[in-house]
Amino acid sequence: MEYLDNLPPMDLMRSEKMTFVQLIIPVESAHRAISYLGQLGLLQFRDLNDEKSPFQRTFVNQVKRCAEMSRKLRFFKDQIHKAGLLPSPHPASQPDIELEELEMQLAEHEHELIEMNSNTEKLQQTYNELLEFKMVLQKASDFLVSSRSNSTVQEREMVENVYSNDDYADTASLLEQEMQPGPSVQSGVRFVSGIICKSKVLTFERMLFRATRGNMFFNQAAADDQILDPSSNEMVEKTVFVVFFSGEQARTKILKICEAFGANCYPVPEDVTKRMQITREVSSRLSELETTLDAGTRHRDKALTSIGFQLVKWMNMVGREKAVYDTLNMLNFDVTKKCLVGEGWCPIFAKTKIQEALQRATFDSNSQVGIIFHVMDAVESPPTYFRTNRFTSAFQEIVDAYGVANYQEANPAVYTVVTFPFLFAVMFGDWGHGICLLLGALVLIARERKLGTQKLGSFMEMLFGGRYVLLLMSIFSIYCGLIYNEFFSVPFHIFGESAYKCRDSSCSDARSIGLIKSRDPYPFGVDPSWRGSRTELPFLNSLKMKLSILLGVVQMNLGIILSYFNARFFGNSLDIKYQFVPQMIFLNCLFGYLSLLIVIKWCSGSQADLYHVMIYMFLSPFEDLGENKLFWGQGVLQVILLLCAVVAVPWMLFPKPFILKRLHTERFQGRTYGLLGTSDMKIDDEPDSARQHQEDFNFSEEFVHQMIHSIEFVLGAVSNTASYLRLWALSLAHSELSTVFYEKVLLLAWGI
Amino acid sequence: MYGFEALTFNIHSGYLEAIVRGHRSGLLTAADYNNLCQCETLDDIKMHLSATEYGPYLQNEPSPLHTTTIVEKCTLKLVDEYKHMLSQATEPLSTFLQYITYGHMIDNVVLIVTGTLHERDVHELLEKCHPLGMFDSIATLAVAQNMRELYRLVLVDTPLAPYFSECITSEDLDDMNIEIMRNTLYKAYLEDFYDFCQKLGGATAEIMSDLLAFEADRRAVNITINSIGTELTRDDRRKLYSNFGLLYPYGHEELAVCEDIDQVRGVMEKYPPYQTIFAKLSYGESQMLDKAFYEEEVKRLCLAFEQQFHYGVFFAYMRLREQEIRNLMWISECVAQNQKSRVHDSVVFIF
């Protein structure tokens, strides 16, 4: 006991000692103070305006402005991305600017960009129209020409038999009229030509057919070029169409349908020379527009690049400002409206640093009044804060994923630094793979500085975050791989010769009868001769299975011992007596005993069946062990252990809630009417009063809680032990897979 | 398969049910509404909404906001969610989800047809359409002159085609028969949806028949109230009521002959579920009826979430979200027009 009391304080294992502080900051230096504190990052503010909605807070306008600015910045980023430029921070960046100035600059830039965009859009639209017109002219003229040549042929024929076939004459006359531009406008067949998105052509044609009751002729051809859709900035495929129809009503209908489908109609003159002329005009205007558009794009790109130089910096700045104002919103005005009052938690070691930062803020903002910083008492339990460095942070994160420790509770992350990579290595021990992993981890660590500033993909981010975990995992994996004697499933004779050799020189019966032992045991790890032998699997399985159970029992014991240190730290003797002690007894009477058996079996070379021993220890504890007996007095010991384990269960279940209940009733005897509350007595005024302890003690709740806890422990002890066998299972799977890979892939590929 | 949904439902629809329940927990709560009602400007509303699920949809809107923008963006979110669910759904859930949109389709058809009748610009009208009720050739509706053309040109391709069989006439379109068309279509749609849900069976049929019956009864009451004092004959009125629901058939007979709102009230008070709705209203008042019906609907929709393994949750979620968007529109309008005293007139709290 004395030794335990004199243990060095376990600083690493406990979260930082925190203290509740109050800040009274004059308004003029508030912003600076908060931003300095933000850079320090060691003070957690408590929200004093919890009941206020976001837009009722003091600095809501500033927050809104920041949100507006970040919206503009997102717009720029989007534009830069769309233009295909890379936002690159300029090395020689310009001096820092004030927020107001930045806001003006951003507004200016946005205005400029929007104007340029609208100009470009207008130009682009005209350009598109001309381009479409040109395509329509080209394609439609093809239709017209072909129909004309057809009809001339038909006309020739018609001249001969025009009087013999009336029906034919009708069709022929229609075609004839179409050829002649003048009269065809007044009656008979006319046409509408235009261009439409390729995806809509089918429904468009069907609709036209229905609307005109089939009295139309639809001609289409795919346009040669894709056209830029101004709204989505994507290239769209379009189709040129020409619809022939007759009648004025059909015309209005068709035009309406065109409009409804977003098809652009362009008039195509039927006269060839006129068409040629228009085509020429359109082409020349197109080339003009193209140069204008190019110039516009170049101008815009230039503007965007100049924004791009600053973008990252601006985004950081705006983000920081927004964070500062969000924090300021958590503060309260005091009565005089000249000071802001803030409350928060900080680790005790950081107090001087915070004071320094606050002094700096006062000095820099030329404030007459200093910032008052003092410690207060608090009711609630302080937040948990672990100091981590880049090595431990990854491990701390792994532990935090399962649950964050309470304030000053023992932090399992300290042990995780070793246990996590080690258990990984037990499963994936292979010094070949380990070396590969080690190289990867070393590369990540060597380029730490460079990679740390870059934005990595989500997968790389994870790898980079866990680089030190990887490093340890690889080192342990090499160590375990040496023990397992695995190198991509190839055995190596690193630590000397194998202890076994063949019975004769021909070595013919090596696989059937086996080898004989000729030397001292292989000095480190598994003898390489096991590899490929008939008994390889039974031997390794037995070894790894037992190892996993040993490791598991050790780790579970560690967990329970940690709970002892916790209870001692918080001065909770109940937990030690009625939780820690029975738990230790239960675990070690059953699984500790199993571990003992394993070790004895290893040392003595006995052939006892441990399954049998363990199972019959429960089923028939008084039976003679027979050939499975490992040591003298084993039967009696088993009965005692079993009794201890059985006693331990009610021990951890019943006493604690009853004792708590007794304590509770004793403490509040005669005070059943409760405390008289005076008007000025607040909870904050007496932080350590009995009020908190008195807060509803509910026996049934406490009992159910304890019951759940006990059942969980008993079941957990069994199922966790079984779960630790997973170490063996994965190790087996890993070595088998690498054997298959080596034999079926590598050897076959090399053709050996 | 009554009672066996628990065995098989999750194979195809478990994921989507989880999704929709997740979406439901993102609905605004009474606390949110209280905060929204205190807003002074539309920017405040945006700021408050940015802390909710609407955040990503509103964050890139430049500052002078309009009510339409807020509503548009909120609807966009609903549409995105709907599209995601539809793309993940298998039969018969996908058909069920599509049924939900037919109501909007009918409204859109009527909107466009009425708009063109009054010579409004088609593109302007298209912007006003509900995005859930859009179909390919909706813009072509403007071409049609009468019902027959409307059907033959456009609607024959849409899922609404079968509902049209009763209202094909060659009469030219006018306001009156468009409204009759809307109600006839709606009647056919509700009956079809009802039959579909009955065919699905199980908890879906049970819950959806309740919800759809309420919808049908509400429409019946609205048709009656709106047709009082018009030249619609009793028989015509009778024809517009859906052939199911709590009021069917005796209530319909009585509703068909009603001449004023108090008679409607007399009819409805014979039905216990609707008694509570009318009990809240004073005599001769029909203004608050909509809100009362909406409140009752929301209550029933929320109850649909109490049971598992049925499709009613999808219907209920879509309706609740639409109600929420209506609430947001009302609040934003009140804030924008400085009518904050009237905020509570039309807002229906969902939780």
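Letters go in sequence order (proteins before strands), and every chain restarts at 1.
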Report task. With a 4.5 angstrom heavy-atom cut-off, could you sort out which part of B:Thr41 is near chain A: side chain, backbone, both or neither? Result -> side chain
Report summary line: Correct closest heavy-atom pair for A:Leu331 and A:Gly342 would be CD2-CA, 3.4 Å
Report task. Check whether the ring centres of A:Phe241 and A:Phe204 lie less than 6.0 Å apart, and answer yes or no. Result -> yes
Query raised in the report: Does B:Tyr151 have any ring-ring contact (aromatic ring centres under 6.0 Å, His included) partners at least two apart in sequence or in another chain, and if so, which?
Result: B:Phe164
Query raised in the report: Using non-hydrogen atoms only, which part of B:Gln38 is less than 4.5 Å away from chain A: side chain, backbone, both, or neither?
Result: both
Requested in this report: Answer yes or no: is there a side-chain heavy-atom contact under 4.5 Å between A:Phe75 and B:Asn60?
Outcome: no
Report summary line: Whatever's closer than 4.5 Å to a heavy atom in chain B on A:Arg65 counts as neither
Query - Short side-chain donor-acceptor distance under 3.5 Å, A:Glu132 and A:Asn128 - result: no
Query raised in the report: What option among A:Met207, A:Lys253, A:Glu259 has the most heavy-atom pairs under 4.5 Å with chain B?
Result: A:Met207
Query - Residue selection (most heavy-atom pairs with chain B, distance under 4.5 Å) from A:Arg210, A:Lys64, A:Glu68, A:Lys200 - result: A:Arg210
